[in-house]
Structure formats: structure tokens, C-alpha cells
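Start at 1 and go down the list; that is how both ligands and their atoms are numbered. These numbers were taken from a predicted model, which means no experiment stands behind them.
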Amino acid sequence: MTLTVCGLIGSPFYRKILTQLNEKNVTFDTENLNPFKAGDDFTAANPARRIPLLKDSDNGVDWVLPDSSAIFHYVERKIPEPSLLPANTADYGRALWLEEYADTVLASTFGLGVFRPIVFPQMQGKQPDTEAALEVVRSKIPEINDYIEAAIGDNDWLTGPNFSVADISVAVQYANLAFAGYVPSANRWPNLLAFMRRVGTRNSFAAPHMKAATAFAEIQKLTVDPEENL
Ligand SMILES: N[C@@H](CCC(=O)N[C@@H](CS)C(=O)NCC(=O)O)C(=O)O
């Protein structure tokens, strides 16, 4: 079996799958795939033209699976241990919901609202759109932080006693906010900050995260006035 994950290290969805496979302790290959530059074969593999993609040699050379959620649950079935899905049914349902919430609301608010206006212009030698990003940090992100803060509560992980798909999906999205320069206030959202630190101690997450952090090291970060308590 050779699993190959295609994408870019800056993509939270790509790192979601790298973290999962690292948790499984399996060897796998990676392939650089830039969704903005890929050719027609990318459209054939995924008409939505989004990364990541997964290739699995067990299924033949033409087999390719798009979408981080489809890939994640495919891998869970193929390599069940250690499981990243809660054993308890209620927790399992919550984990699927939080994966969906992270992949949609967090991804669009953090990615399109903050990461892109800060990082993308700089990749083309232009100035970041700091005002646009700050507007999203002020108007949309606090309510998301409140929701995740309450979902964590006094627990280590979002859904039950073990690290799960929910934790990975949420953490990779907050990581991209940090690459753009925004880290939620530790006074206002202490559970969220403690959660991010806890996730950061796992090698499965930290290894791809550090690679991405290095790639964005030179980016001029967003600065938020501490007085705003954001
Ligand atoms: N629902 C998809 C979303 C993937 C996604 O949006 N990937 C971004 C990179 S982080 C992408 O490929 N964007 C290309 C574009 O916007 O054209 C998943 O879970 O894989």
C-alpha cells in the first residue's frame, strides 16, 4: 500500500490529513499540488479544484479521492487504529458536526476573511489588506471563539476523552489564523488557548505545522491592539 497525499503545506485541509496519517504512524508520500496552477487532470480528479487529494496504490493508478472529509473517513476505515473517531455515539455525532463546522464556517471566515487578505498579496509582492482582515477579526471571529471555548469547557479535547477528527479539524484552521498573525486573547478564551497548546504538543500535528510556520515566517503579520481584547 502506498498512500500519497497531494496538496500544499499552507492548506489546513492538507495538514488535517497529514496529522491523521501521522497519528496512525504509517508511512506515506506527499506530492506538491497547487490548486491555482494545476492543469485539466486536476479538474478531472476534483471538479471543485480543491486540495487535498489522496491516491492509494491499492486501488490502482487512476484512483484518486478528493476532499479532506472523504479522505479522513476513508483512512479511518482503511487504518482503524488508533481511532480518531469517538467510541461513544453521542461524541461521534458531535465530532462529525465539529469537523463540518471547522471545514465550512471556520475555513471560510479564517481562510477567506483573514489568511488570504494578509498572506496572498504578500506572496505577489503586494501589501496585505490589514483593514479587511481586522474587520473580520472584530466582527465575526469572537462568536466562533465563544462557541469553541464552550465546546472545550474543562476538557482536554472537544469530543470525549481522546484526540479526534474534531480536534484536528478545528486546530488546523486556528493555525492558519496564527500564520496570518491573529491568536485569540488568552484572557478571554483560555480554554481555546490551552487546547491549541495541547494540540501543539502532539508530534502528529506539530511536524506539518512547523513546516507551514517556516513557509510563512517572512510574512508580515496582522497586529491586533491588546486593548481590543480580541
Ligand atoms: N471541503 C474541502 C475544502 C478544501 C479547500 O477549500 N482547499 C483549498 C486550500 S486550503 C483550495 O484548494 N482552494 C483552491 C481555490 O480556492 O481555488 C476539503 O475538505 O478538502
statement: By side-chain hydrogen bond (donor to acceptor under 3.5 Å, both in side chains), R49 pairs with (sequence neighbours left out) T43
query: Hey, does I51 come in under 3.5 Å of ligand 1, counting only N/O atoms on both sides?
result: yes
query: What pairs of residues pass the ring-ring contact (aromatic ring centres under 6.0 Å, His included) test when at least one of them lies in residues 21-58, not counting sequence neighbours?
result: F36-F120
- prompt: Which protein heavy atom lies closest to atom 16 (O) of ligand 1, and at what distance to 0.1 Å?
  reply: R116 NH2, 3.1 Å
- request: Below 4.0 angstrom from a heavy atom of P52, which ligand 1 atoms are there? Numbered from 1 as shown, please.
  value: 20 (O)
statement: ligand 1 to S68, heavy atom cutoff 4.0 Å, flagged ligand atoms 18 (C), 19 (O), 20 (O)
- prompt: Taking NZ, NE, NH1 and NH2 as the nitrogens, is one of them in R116 or D129 under 4.0 Å from a carboxylate oxygen of the other?
  reply: no
query: Aromatic ring centroids of Y174 and F110 under 6.0 Å?
result: yes
- request: State if E100 counts as touching ligand 1 under the rule of any non-hydrogen atom under 4.0 Å.
  value: no
- request: Would you mind running through ligand 1 and noting each atom that sits below 4.0 Å from a heavy atom of P35?
  value: 12 (O), 14 (C)
task: Of all the heavy-atom pairs spanning T159 and A95, show the shortest one and how long it is.
output: CG2-N, 3.6 Å
query: Can you tell me if F36 has a non-hydrogen atom under 4.0 Å from ligand 1?
result: yes
- prompt: Any idea which protein heavy atom is nearest atom 5 (C) of ligand 1, and the distance to it?
  reply: R50 CD, 3.3 Å
message: Contact between E31 and V5 at the side-chain level, heavy atoms closer than 4.5 Å - yes or no?
response: no
query: Crowded around E228 CD? As in, over 12 foreign heavy atoms under 6.0 Å?
result: yes
query: Does the cation-pi check pass for R50 over F13, that is, NZ or CZ under 6.0 Å from the six-membered ring centre and within 45° of its axis?
result: no
- line: The atoms of ligand 1 lying under 4.0 Å from a heavy atom of S11, numbered in the order shown, are 9 (C), 10 (S)
field: Nearest-neighbour protein heavy atom for atom 1 (N) of ligand 1, which is reported as residue plus atom name and distance
entry: D67 OD1, 3.0 Å
- prompt: Which of the numbered atoms in ligand 1 are below 4.0 angstrom from a heavy atom of P12?
  reply: 10 (S)
